[in-house]
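Sequence lines set the chain letters: A, B, ... in the order given, protein chains first and strands last, and positions in each chain run from 1.
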2 protein chains.
Amino acid sequence: MTSAVTTIKDVAALAGVSPATASRVLSGNPATSKESRERVVAAASELDFHPNAQARALRSTRTNVIGLLLSDVRNPFFADLAHAAEQAALAEGFVTLLGNANENMEQQDRYLDTFISQRVDGVIAAPQGEGSSSLQSLLDRGVPTVFVDRTVDGINVPSVTTDSARGIRQAVEHLLGQGHTRVGYIAGPQTTSTGRERLRSFSAAAQEAGLSTDPDLTYFGDFRSASGSAGAQQLLALPEPPTALLAADSPMAVGALATLNSMGIRIGQDMAVIAFDDIEWFSLLETPLTVISNDVEAMGRASVRLLLDVIGGGRPESIVLPSELIVRASSAGPHH
Amino acid sequence: MTSAVTTIKDVAALAGVSPATASRVLSGNPATSKESRERVVAAASELDFHPNAQARALRSTRTNVIGLLLSDVRNPFFADLAHAAEQAALAEGFVTLLGNANENMEQQDRYLDTFISQRVDGVIAAPQGEGSSSLQSLLDRGVPTVFVDRTVDGINVPSVTTDSARGIRQAVEHLLGQGHTRVGYIAGPQTTSTGRERLRSFSAAAQEAGLSTDPDLTYFGDFRSASGSAGAQQLLALPEPPTALLAADSPMAVGALATLNSMGIRIGQDMAVIAFDDIEWFSLLETPLTVISNDVEAMGRASVRLLLDVIGGGRPESIVLPSELIVRASSAGPHH
DNA sequence: CGATCCCATGGAATCGATTCCACGAAGATG
DNA sequence: CATCTTCGTGGAATCGATTCCATGGGATCG
């Protein structure tokens with residue numbers, strides 16, 4: 001390990017040109033001769049030169065880093081989203097700083113502050129809450145930002161979201177068609193736009209379809225599996241329990257399934273179950289799960305595309321992707 | 001949006017001190033008076049000052065960024081690992097650059113080069129392959145590095161791995177006890193240390209236990225679910241098919257399960273199945289899945305702990321975590 | 001053939017923090 | 001009361017790239 005780090009000066013010296021020329025060659029500036037291009041490239045590879053990204057960013061005010069703020073990569077939905085976004089970013093020459101907010105406001109703000117300090121070129125966020133001062137700082141500084149999956153009321157940045165109303169309406173109508181009238185809803189946290197929108201859509205659809213609007217049929221979870229278990233337990237303990245359950249995301253659905261299994265309640269027979277988000281293995285369950293699916297891959301790619309547009313100075317329109325009910329065996333009629 | 005960015009000079013001016021003093025206060029240098037501390041902190045908050053991480057890193061040669069190189073976050077094992085590592089790093093004041101290598105050598109090298117350029121303070125990698133020149137560059141430069149889950153032969157860096165031999169031996173003995181003698185093995189890619197070690201352990205255990213060592217009973221997959229499906233198909237098409245399957249990771253197990261389901265083969269009755277890695281919902285399947293489990297959370301945390309030790313100049317011992325068979329219903333005896 | 005333009009180039013300033021060094025004031029010691 | 005520390009401070013150098021600006025040589029044009 002040679003203690004001295006190789007800098008662009010070393011490369012320039014070896015190539016017999018000035019640092020300015022070496023820099024031009026290495027950063028693709030066209031104002032260079034073929035001769036110096038060859039010499040510099042050879043020298044750089046000879047010295048195994050890796051330009052210092054900090055120095056470069058300091059002067060040029062571009063970092064080629066984007067910040068990706070999610071709730072939790074352990075949720076398959078976000079894992080897919082993270083993978084799609086990261087791969088799309090990489091293809092455009094960006095690397096990804098990952099932040100898991102864990103549905104926690106403080107951690108979200110901590111990451112947003114870090115993104116500001118890191119001077120990331122842009123941020124893709126699945127935000128939560130309302131009055132985040134860090135989010136406001138980010139926008140005040142003009143850091144290019146797009147929302148993905150979720151939005152924040154009153155903050156106008158381009159977003160890629162899912163139209164959950166459509167899938168939820170289909171689900172409600174499907175359940176009604178199967179003879180269900182009391183449907184338990186395991187809601188997401190009302191601090192997220194998706195949590196709110198899905199609950200609103202469900203309530204509206206339930207009312208229109210003539211399902212019971214008993215408020216006890218709604219349980220407020222937090223998008224994590226433990227709350228799905230708790231929700232299922234509470235709903236089943238009602239004097240007049242539901243005959244069907246709809247969970248607002250897949251971890252809560254998993255939690256609910258675990259509860260049902262452990263109570264010996266047969267899914268699709270004693271209890272219909274529908275989950276939001278289609279996860280690969282949901283179709284492998286004893287009773288394949290009926291789901292409201294959306295295209296996560298497309299969402300991840302679209303968010304990067306939008307962000308690049310914003311970075312480039314554009315003002316792209318927000319994108320709303322469709323959701324759709326996929327009927328499998330878990331949503332059969334009530335047991336008689 | 002004021003066009004001028006606020007720098008530490010602005011903070012210093014507002015606080016009535018020099019930039020040097022402001023810097024000392026903001027970076028926690030104890031050589032500061034209470035008075036200037038208060039004034040600087042107040043000024044910084046008043047101006048919503050976020051120090052430029054690039055400038056700081058350039059001078060101080062510390063970035064407070066670590067690079068995390070994984071195969072694919074969509075694999076729940078790596079998602080759990082990423083989450084644990086990222087949270088542990090955050091608690092120590094580090095943010096995480098995420099790289100998905102996708103079991104692809106070029107992409108791995110691309111990320112390692114990026115990590116070098118970004119001058120990350122350390123790298124946690126689940127590597128693959130052998131003669132990666134980028135990996136060699138990383139180590140030649142003395143970038144603190146630890147391996148997690150996987151290692152590279154001939155490269156001596158601290159690592160956190162799983163002793164898969166133990167769990168595999170238990171699985172083989174368990175299957176033998178259930179009367180199985182032909183066990184199909186869906187192996188991981190032999191370009192990874194885990195792929196090799198698990199195959200070696202399985203072969204050794206199978207031989208010792210007296211199971212069939214027919215080479216056709218081994219299918220070489222790539223740790224992705226499609227190869228699990230293909231593997232199950234090929235193994236079942238043998239003239240003398242196995243009565244049990246062991247998959248070297250969870251996505252391949254999922255693929256195999258999908259194939260078995262679609263062929264109408266009943267898991268735990270017509271075919272025993274055991275998977276490596278315990279995923280939350282494996283116990284929710286029609287036939288809860290017998291697995292070889294390991295503590296991913298602990299692995300993630302340990303890798304950060306080791307890395308911090310290396311960054312601090314230590315030479316920590318590698319850690320090997322145990323694996324253990326968890327018997328559920330999917331591994332019953334062969335059907336008669 | 002002289003004036004003009006273009007293009008590759010090098011020198012030097014610059015980005016925004018940290019840190020070395022020197023300095024003066026205050027407190028400790030004999 | 002003189003000397004020696006200790007401590008907080010500011011000025012200036014520094015990290016390693018990019019980029020502005022000036023320059024000289026060759027091609028182009030009238």
State, without any angle test, whether T32(B) and R37(B) hold a side-chain donor-acceptor pair at a distance under 3.5 Å.
yes
Can you tell me if T32(B) touches the phosphate of dT9(D), counting only side-chain N or O atoms and a distance under 4.0 Å to OP1 or OP2?
no
What is the distance from CZ of R39(A) to P of dT9(C), rounded to the nearest Å?
10 Å
Take the protein atom CG of N29(A) and the nucleotide atom C1' of dC20(D), then report the distance between them rounded to whole Å.
12 Å
Separation of dG16(C) P from R62(B) CZ (nearest whole Å):
23 Å
What nucleotide among dC15(C), dA8(C), dG10(C) has an atom nearest to a side-chain atom of T21(A)?
dG10(C)
Nearest-angstrom distance from the residue atom CD of Q118(B) to C1' of dA17(D):
13 Å
Of A20(A) and P19(B), the one whose nearest nucleotide on DNA chain C sits closer to the 5' end is A20(A)
Closest-nucleotide mapping onto DNA chain D: is S18(B) or L58(B) further toward the 5' terminus? I mean the 5' end.
S18(B)
Mind checking if S23(B) touches a base, just sugar-phosphate, or nothing, with heavy atoms under 4.0 Å?
base
Any salt bridge between E46(B) and R39(B), counting N to O under 4.0 Å?
no
Quick one: do the N52(A) and Q118(B) side chains pair a donor with an acceptor below 3.5 Å?
no
Of all the heavy-atom pairs spanning A126(A) and F78(A), show the shortest one and how long it is.
CB-CE2, 4.0 Å
Kindly say if S60(B) contacts the phosphate of dA17(C), meaning a side-chain N or O under 4.0 Å from OP1 or OP2.
no
Atom pair distance, as rounded to whole Å: CG in D10(B) and C1' in dG16(C):
11 Å
For E35(A) and dG10(C), give me the distance from atom CD to atom P, rounded to whole Å.
11 Å
Return the value, rounded to whole Å, for the distance between atom NZ of K34(B) and atom P of dC7(D).
18 Å
Do R56(B) and dT18(C) have a side chain to base donor-acceptor pair shorter than 3.5 Å?
no
Counting side-chain heavy atoms from CB outward, which of dT9(C), dG10(C), dG16(C) is closest to A55(B)?
dG16(C)
Can you tell me which nucleotide in dG10(C), dT19(D), dG8(D) comes closest to the side chain of S33(B)?
dG8(D)
In whole angstrom, give the distance that lies between atom CZ of R24(B) and atom C1' of dG11(D).
11 Å
Ignoring backbone atoms, establish whether T7(A) has a side-chain N or O less than 4.0 Å from OP1 or OP2 of dA17(D).
yes
Do S71(B) and E103(B) get their side chains close enough for a donor-acceptor pair, meaning under 3.5 Å?
yes
At under 4.0 Å, does any side-chain N or O of S36(B) touch on OP1 or OP2 of dT9(D)?
yes
